[in-house]
Amino acid sequence: MTASVASSPAHTTDPMVPRRYVITHVRQDTRDTFTLLLDPVDGPPLEFRAGQFTMLHAFGVGEVPISISGDPRSPAPLEHTIRNVGAVTRALVEAAPGTEVGVRGPFGTSWDVDDAEGRDVVFVTGGIGLAPLRPAILDVLSHRERYGKVLLLYGSRTPDDILYGHEMHRWADLNDVNLQMTVDNAPYGYKGKVGFVTELVTRAGFDPRNAFAFVCGPEVMMRSAATSLVSRGIPKDRIRLSMERSMKCGVGLCGHCQLRELFICVDGPVLGYDRLEPLMAVRQL
Ligand SMILES: Cc1cc2nc3c(=O)[nH]c(=O)nc-3n(C[C@H](O)[C@H](O)[C@H](O)COP(=O)(O)OP(=O)(O)OC[C@H]3O[C@@H](n4cnc5c(N)ncnc54)[C@H](O)[C@@H]3O)c2cc1C
């Protein structure tokens with residue numbers, strides 16, 4: 001039996017009507033970040049592309065955009081990795097298995113990692129930014145032979161904030177991924193690298209003339225990572241970023257996520273740096 005009840009039709013294709021899902025498992029990843037596994041109450045699993053997000057509805061509390069962090073090749077259970085920052089995210093991460101939530105989507109653009117085939121691939125990410133990138137990384141690793149070098153440059157605030165630590169090491173060991181990690185702050189005696197993730201970009205071993213980069217993290221980090229990648233020689237149209245703006249409808253109607261001529265919910269969240277660079281100066285309202 002489920003813990004709460006939504007009055008949505010059995011299965012709908014209306015993008016404004018949430019589908020009913022049940023939380024089957026909640027995994028604590030770090031102090032404030034949790035991964036929720038969801039199964040549909042009825043209907044087929046949600047097909048999605050790497051980089052897309054859903055609007056997750058905690059009934060009686062509210063709805064928030066959250067990227068899908070699971071593997072697009074196996075869409076069930078549906079995975080979301082969520083940092084507890086406010087009312088809705090708290091309600092979601094504190095919900096017990098068996099609780100029903102609403103899911104709208106999937107929405108937005110994809111990382112389209114196939115465009116990087118034949119090239120070196122550089123993933124640059126910070127903190128929970130690894131969650132929206134995870135489906136793209138899994139996509140690349142499922143066809144590892146189609147790519148050149150694969151680098152994962154990851155930064156977190158402290159060693160305790162490192163997300164998917166074991167999995168990142170498994171990718172490095174089993175899939176020939178060049179993993180480099182750094183933390184902003186470390187306790188006395190910490191043996192790993194300390195510094196910002198953008199410093200890793202400067203020395204990373206890839207061929208800029210034949211590389212493609214995918215970047216996700218706090219906006220300030222993405223801006224400086226993109227600047228470093230460009231100064232290493234990667235063209236702007238071969239750098240993709242995932243933007244976050246507050247959003248409500250997810251389908252380009254309400255205008256909450258407007259960034260000049262773009263609606264991030266439909267034109268993004270994943271966009272090329274050639275398009276985004278002039279817009280990244282616009283602060284979120
Ligand atoms: C396309 C997209 C994908 C996202 N993917 C994820 C994800 O995979 N995992 C995840 O944990 N979060 C993700 N977010 C951010 C998430 O939507 C917000 O953290 C959430 O809306 C906060 O809602 P709340 O009610 O819990 O907190 P609120 O009470 O609304 O806000 C609490 C604090 O969080 C800040 N905040 C609110 N919205 C955002 C935002 N969009 N970005 C950064 N800070 C915000 C507020 O300024 C405030 O300081 C994504 C956002 C977008 C637009």
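We count ligands from 1, going down the list as the structure has it; atoms in each ligand are counted the same way.
For Tyr147, the OH atom sits in a packed shell: over 12 heavy atoms of surrounding residues, nucleotides or ligands are nearer than 6.0 Å. Counting heavy atoms of neighbouring residues, nucleotides and ligands inside a 6.0 Å radius, atom CZ of Arg209 does not exceed 12 of them.
Not close to ligand 1: Gly62, with no non-hydrogen atom less than 4.0 angstrom away.
A salt bridge does not link Asp29 with Arg134: none of the charged nitrogens is closer than 4.0 Å to a carboxylate oxygen. We find that Asp115 and Arg238 are not joined by a salt bridge, their nearest charged nitrogen and carboxylate oxygen being 4.0 Å or further apart.
The nearest pair of heavy atoms linking His57 to Pro18 is ND1-CG, 4.4 Å. The two atoms that bring Val177 and Leu141 nearest to each other are CG2-CD2, 3.6 Å, heavy atoms only. Here the shortest heavy-atom pairing between Ile264 and Met247 reads CG2-CE, 3.9 Å.
The distance from ligand 1 to the heavy atoms of Ile82 drops below 4.0 Å at these ligand atoms: 11 (O). Below 4.0 Å from some heavy atom of Ala87 lie the following atoms of ligand 1, by number and element: 24 (P), 25 (O), 26 (O), 27 (O), 29 (O). Residue Ile128 has at least one heavy-atom neighbour below 4.0 Å for each of these atoms of ligand 1: 9 (N), 10 (C), 11 (O). Within the listing of ligand 1, atoms 10 (C), 11 (O) sit less than 4.0 angstrom from a heavy atom of Arg83. For ligand 1, the atoms lying closer than 4.0 Å to a non-hydrogen atom of Val88 are 24 (P), 25 (O), 26 (O). For ligand 1, the atoms closer than 4.0 angstrom to any heavy atom of Arg245 are 53 (C).
The option with the heavy atom closest to atom 7 (C) of ligand 1, from among Ile264, Thr35, Thr81, Ile68, is Thr81. Distances from atom 10 (C) of ligand 1 to the heavy atoms of Leu130, Ile66, Leu56, Leu92 show the closest one on Ile66. Scanning Gly86, Ser69, Pro132 for the heavy atom closest to atom 29 (O) of ligand 1 points to Gly86. The option with the heavy atom closest to atom 22 (C) of ligand 1, from among Val61, Val85, Thr33, is Val85. Taking all heavy atoms of Glu244, Glu79, His256, Gln52 into account, the minimum distance to atom 52 (C) of ligand 1 is reached by Glu244.
Ring geometry for Phe107 against Phe53 counts as tilted: the plane angle lies between 30° and 60°, on a 0 to 90° scale.
Looking at Pro65 against ligand 1, both its backbone and its side chain come within 4.0 Å, counting heavy atoms. Neither the backbone nor the side chain of His80 has a heavy atom within less than 4.0 Å of ligand 1.
Listed for the Asp14 side chain is a donor-acceptor partner under 3.5 Å among the backbone atoms of Met16. A donor-acceptor pair under 3.5 Å is formed between the side chain of Arg144 and the backbone N or O of Asp176.
Residue Thr89 has at least one N or O atom closer than 3.5 Å to an N or O atom of ligand 1.
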